[in-house]
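What follows is a single structure, written as structure tokens, with notes after it.
Chain letters run A, B, ... following the sequence lines, proteins first and then strands; every chain starts at 1. From a predicted model like this one, the values you see are computed outputs, not experimental measurements.
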Amino acid sequence: MIQLLDSIGYTGWVLPALLLIPLAGAAVLLALASRGNGDEPGPARTARMIAFFTLLLEFAVSLGLWWSFESGAGWHAGVDLAWIPTWGVRFSIGVDGIALMMVLLTTFLMPLTVLGGWTSVRTKVHSYLILLLVMTTGMLGVFLARDLFLFYVMWEVMLVPMYFIIGIWGGERRIYASLKFFIYTMVGSILMLVGIIYLGIQSANPVTGAPDFSYAAALQLSLSPAASFWLFGAFFLAFAVKVPMFPFHTWLPDAHVEAPTAGSVILASIMLKMGTFGFLRFALPLFPGVAMDPVVRTIIIALAVVAIIYGALVALVQPDFKKLVAYSSVSHMGFVMLGIFALTVESVQGALMVMINHGISTGALFFLVGMIYERRHSRLIDAYGGIARVVPMFAAALTLVALSSIALPGTNGFIGEFLVLIGSFKTYPLLTALAATGVIFAAAYMLWAIQRILFNRLDKDENRHLPDLNWREIGLLTPLVAAIIWIGVYPAPVLRRMEAAAFDLVQRVERGPPSGFTAPGARP
Amino acid sequence: MTALPAGIMLLLQEAARAGGAHPLAGTAADWLWLVPVLPLLGFLINGALSLVAVAHPGPADPDAGHGEAKPAHALPPDTAGAHGDDHHPVARHRFAGIVSVIGPLVLALSFALTAAIFFAMRAAHAEEPFIQNYFTWMITGELDLAMAFQLDQLAMVMMLVITGVGTLIHVFSVGYMRDDPGYPRYFAYLNLFVFFMLVLVLGASYPVMFIGWEGVGLCSYLLIGFWFSEKANADAGKKAFIVNRIGDFGFLIALMLLFANVGKLDFLGIAAVAPGMSVAVVTAICLFLFLGCVGKSAQIPLYVWLPDAMAGPTPVSALIHAATMVTAGVYLVARSSFLFSLAPVAGLTVALTGAVTALFAATIGLKQWDIKKILAYSTVSQLGFMFIAVGVGAYVAGIFHLATHAFFKALLFLGSGSVIYAMHAAYHKTGSHEDAQDVRNMGGLRRYMPVTWVLMWIATLAIAGIPPFAGFFSKDEILASVYARAHGSNLAEASLLGIPGSTLLYFIYFIGLVTALLTAIYMTRMMLYTFHGPNRTGEAERGALKEAPWVMTGPLVVLGVLSAFGGWLNLPKVFTDALPVGSTFALEHWLEPVVGEHQLAVTHGKAAHLAAGTEYVLIGAAVAIAVAGILVAWRMLKPEQLVPKKDAPAEQGIERVLAEKYFVDEGYDRVIVQPVYQGSRGFLWRGVDAGLIDGLFVNGSGWLARGFGWLGSAAQTGAVGTYAWVLVLGVIAVIGVFTLR
């Protein structure tokens, strides 16, 4: 495989290709859209096919990284081009062990999201698909960027399409939800932009005075403690909203509930990861002194543990299944934050695993909610009951995915939570023990919900004739179910590809900021 | 070159490497992996058959047919029980024939392979465990976890019980469940359960064991709620899973403690360094592990799920909730004997919890009317006995009682299954909706089901502790072990909550005797009410009562033999001295390589056998108590005065407290469940989330921004006169400020 990839010069072009393929697909759709708006079945179907195969191609192209980047050490397949020279902004991209699995997760899920909205999105299909494709480029750009300015541009590129997807194809309260999502995220990210500009100017070339936004330069900076603190704060706010950390999470339930299926899946599976990815990529390595400050660290870990328990308890009482899954995300992402800030190799690996697994399992849950919603037009748990008899395949799939979501050993969910717990216990034993109660509450909310949906008496006539999963839906769920079992049973290949990066991160942050940190004001 | 073939390659390499110097290499033990894989295969086939039979892929556009009343496909019949019992024959599944073969066959093959490995082990005299590394499971940082099995004598005993009793119960299930529309699904779950149970006992490390540990919990959940259309059944399954998760939380904490202190999670690695660890850490680890046992093995305070678990089909109760899964906690303590033997405080806690549970459950068992509930509380009580044994470091006695209990309790449950089967058939014939599980509706069944009657009496005598039946030897050994350790053991020298260990051990011994008395009473009561006295089933139904078919009675006979002679597994010396039968302490010798050293650690290196005279006295006391219990029940209870359930008056006073199980469920609901739910709903969600964060902060800041905007825009009136006045006022204010300063 390696020889094959080498013979086609894979690593030279793969990353630009990944950013361009979706844009090319979007361009084709744009050209088609000028001839018809996609509200008729025929053109809409063509458009869906184009988008689906574009994203399938994207996945196939990205898959080579699995073999070409087996070591997971350092940067891989880097491309570095001049972009805006006077500002010192470069188009610099590359993949490292942290980004690798996020890239693969994104490319794996995106074709499925097209399948998931195949019949539920019926209006302005072209626009919808173009937004999905542009968003793909934006999300991959966030994971691949090695230039802070480029990172910020991509961060915003993915935000705008999501705003429209919720606002146009969403549910009844879509305007409120999309606005809330947008403003929440903007408040956080605008401060991050200030921080990025500050960092760029700090790294300025001493001869020419041109700012330098490259990630490598930012890593070399020695900042005063005060500057570090405020910069960390700016990045923290942006990422904490995105994760979302308690108490910045209230945009999430609204956005999830109102978004169409594909929107919910992308939000939960990929966009939430941007927040924790941001911590791993920027907030920790750039400002280790602040991130490792005992007070800051303890507060963040405590908030993470609060999120785990609070998210689970609030999920327990949700009458709306989509909202329940949304709050369960708050709980799961708490595990990620715990693992990152506990900062052992095991816990960081666990956090990365939870990021992947949450993407797969919660994505699958949102797909399943979408499927049942399409049939019954209700997300309320009480609208169902006993439907396992009517839709047995749906029931089997939902049960398995729910079990992976509550971290049953043998499924993917367990691997991540287990690594986070045993890794974090070494540095924060009491808070981690508290976090472990999450496994109890998770079982409570998830099993109670699936009981009220699938089991009990079939007492509503509307549910008696629900059709079971169709072939498209079976095809959509199969890869997800396979991933759930595969990562649960044989996670070693995934762990191996992320270990070098996790180890590197722990080393870098523990070693602290570059020398000169102890002299405040050494650099103006 | 995908990951999966790579994994298989690795597997083969590892397997080749494992073929080192171990005496079991090259024998049937090399096929160890197949023992659990066979039931897994059964699960896959039966599961596929189950799904294929009900799969009706929907239309390409799921929303297109919305609103039409036309059924997409015929709905399978509702299997929720019309009668108050757990036997619901409705319609035979079209794959019933093939499932009846595959389901029990994979188990029988698994048992045959286990037996072959057992003989290989006996021939090889392996002192060291046989470790099989299959592939790397998780590796990162300091953690290096292999997907590995560990075959030793302890695992072998468990494997024999699981596959042996499991096969019998699978065969019984063919008769009991054949006419259920969910038949393939039932066998899929049952096969999957055996797979996870075998992973549990074969895992070479705590995390691999934990796969089985939670996996059996999953199957228990699925099987308790097998007839999920009835809310009570689905509730019971969910309750079992969540209560078990409380225990699993303890298990996880123990894993974290182990990893933080040892850096390893495999049994051999931990056992090697355990003696050097601080006693406080070992005690903490043991106590958290024990929390896991309390959940899985239904001990106080987490026993509440097990009686509810009787909502599942009766063979499930026999296999999972009596013979195998619920004993996993006992196995875990025995497996962790290298830790528990070093922590006397933990040992005393285990034993005391077991003793209190044994007594508590036995008192509830006295007043239950549902035949399965009586057996459920009996199981909780007997599990308490096993914990007494492993708590005091008598690991062999604990495993011995585990095995004999598997025989006689499986027999009792399956026998009750036959009774329910007959009762159900009788009520079904007349369309009556009476409770087929209530002993008040039975009576005099020995005339209609003589084989079941005899077999269940054998099991009753065994559980009551009458020689020479199986339970007598194991229970006696437990009581003797407790007595022997009251002096000259690390337990006796330790103390718990300020009470000296020695005193506690005598107290536990005393509780054991009282429990033995109560056991004899409630079991005799159950037998009397079920099989003796006049029949209360009803005039019309009486004629339909008859023995179950041989596919069900056959396994009962085998279990009857095991219940009668199971004691031969580990005959005490006083017995073999007196009578020329069997070999002395066979099980003890067999388990010597695994737990021998740790048993001696508890008793300071001396074998803990009593003087012959003392032992005769103890045996005499135990037998006298068992006989007394049976006689008391026989004399005091009057089955002829019982009235059928529908005519029975409500219980009063202490009887009501017992019948209502001390109102523990109600208490938990009021003290834990409702506060959590209401607090989450009223305070966290409505209060903090919607009110404080979203209302005050998020939307509040939105309103604030709007407010400022309104103020600003209100000022922009466009009237120049107003602007002029404001200007003048401003100038005056500024001048005023400067003048007055």
Side-chain angles (χ1 to χ4, degrees), chain A residues 1 119-120 180 247 250 310 313-314 316-317 344-346 349 371 374-375 386 388-390 392-393 396 403 408-410 415 418-419 421-423 425-426 429 432-433 436-437 439-440 443-444 447-448 451 455-458 464-465 467-472 474 490-493 495-496 499 502, chain B residues 1 3 6-7 51 54-63 65-66 69-72 75-76 78 80 135-143 207 210-211 214-215 218 225 228-231 234-235 238 241-242 245-246 248-249 252-253 255-256 259-260 676-677 680-681 684-685 689 693-694 698:
Chain A
M1 197 66 183
T119 48
S120 56
K180 195 172 177 181
T250 59
Y310 176 91
L313 286 175
V314 177
L316 185 69
V317 293
T344 63
V345 178
E346 296 89 357
Q349 282 266 59
M371 290 170 191
E374 218 179 325
R375 287 159 168 75
R389 286 178 56 215
V390 191
M393 285 186 291
L403 290 170
L408 190 87
I415 307 294
F418 177 74
L419 289 175
L421 289 175
I422 64 163
F425 191 78
K426 288 202 250 181
T432 305
T437 58
V439 302
I440 305 170
L447 293 185
W448 192 38
Q451 178 188 350
F455 308 141
N456 295 350
R457 193 166 289 282
L458 180 60
R464 289 195 164 269
H465 307 302
D468 206 346
L469 301 181
N470 60 36
W471 287 109
R472 170 180 58 84
I474 293 170
Y490 192 50
L495 288 171
R496 198 168 62 234
E499 180 162 22
Chain B
M1 216 195 90
L51 268 185
V54 290
H56 296 276
D61 184 352
D63 199 21
H66 188 75
K70 196 169 163 290
L75 214 53
D78 193 344
F135 56 90
T136 302
W137 188 25
M138 288 184 235
I139 178 161
T140 176
E142 287 175 43
L143 182 73
F210 195 60
I211 298 179
E214 283 232 319
L218 164 70
F228 54 77
S229 294
E230 197 71 57
K231 182 169 182 294
D235 276 341
K238 180 190 68 190
F241 198 99
I242 294 171
R245 268 275 164 122
I246 298 174
D248 295 352
F249 159 74
L252 277 174
I253 302 277
L255 290 188
M256 297 178 211
F259 186 66
V676 166
Y677 181 77
S680 301
R681 193 182 156 86
L684 291 182
W685 183 33
D689 218 66
I693 300 175
D694 227 22
V698 178

Note: vs chain B, highest number of non-hydrogen pairs under 4.5 angstrom among A:G386, A:A502, A:A443 is A:A443
Determine, step by step, whether B:D61 and A:N470 satisfy the side chain to side chain contact (heavy atoms under 4.5 Å, CB included) criterion, reporting the C-alpha distance in whole Å, the side-chain angles of both residues, the deciding distance to 0.1 Å, and the verdict. CA-CA 8 Å; B:D61 184 352; A:N470 60 36; over 6 Å; no
What residues form a ring-ring contact (aromatic ring centres under 6.0 Å, His included) with B:W137, not counting sequence neighbours? none
Side chain, backbone, both or neither: which part of A:L408 has a heavy atom under 4.5 Å from chain B? both
Check the pair B:T136, A:R496 against side-chain hydrogen bond (donor to acceptor under 3.5 Å, both in side chains), reporting the backbone distance first and the verdict last. CA-CA 11 Å; B:T136 302; A:R496 198 168 62 234; over 6 Å; no
Given that the side chain runs from C-beta out, which part of B:D235 has a heavy atom under 4.5 Å from chain A: side chain, backbone, both or neither? both
Considering only heavy atoms and a distance below 4.5 Å, find which of A:Q349, A:M393, A:Q451 pairs most often with chain B. A:Q451
What heavy-atom pair brings B:L51 and A:P392 nearest, and what distance separates the two atoms? CD2-O, 4.3 Å
Given that the side chain runs from C-beta out, which part of B:L252 has a heavy atom under 4.5 Å from chain A: side chain, backbone, both or neither? side chain
Is B:F259 close to chain A through its backbone or its side chain, or both, or neither, when contacts mean heavy atoms under 4.5 Å? side chain
Does any backbone or side-chain atom of A:F455 lie under 4.5 Å from a heavy atom of chain B? Answer side chain, backbone, both or neither. both
For A:Y310 and B:L684 the tightest heavy-atom approach is OH-O, 3.3 Å
Can you name the residues that form a salt bridge (charged side-chain N to carboxylate O under 4.0 Å, His left out) with A:K426, not counting sequence neighbours? A:E346, B:E142
Quick check for you: among A:I474, A:L316, A:V345, A:T344, which has the greatest number of heavy-atom pairs under 4.5 Å with chain B? A:V345
Can you tell me how far the CG atom of B:D248 sits from the CG atom of B:L255, to the nearest 0.5 Å? 10.0 Å
Can you tell me which portion of B:I246 sits under 4.5 Å from chain A's heavy atoms? Options are side chain, backbone, both or neither. both
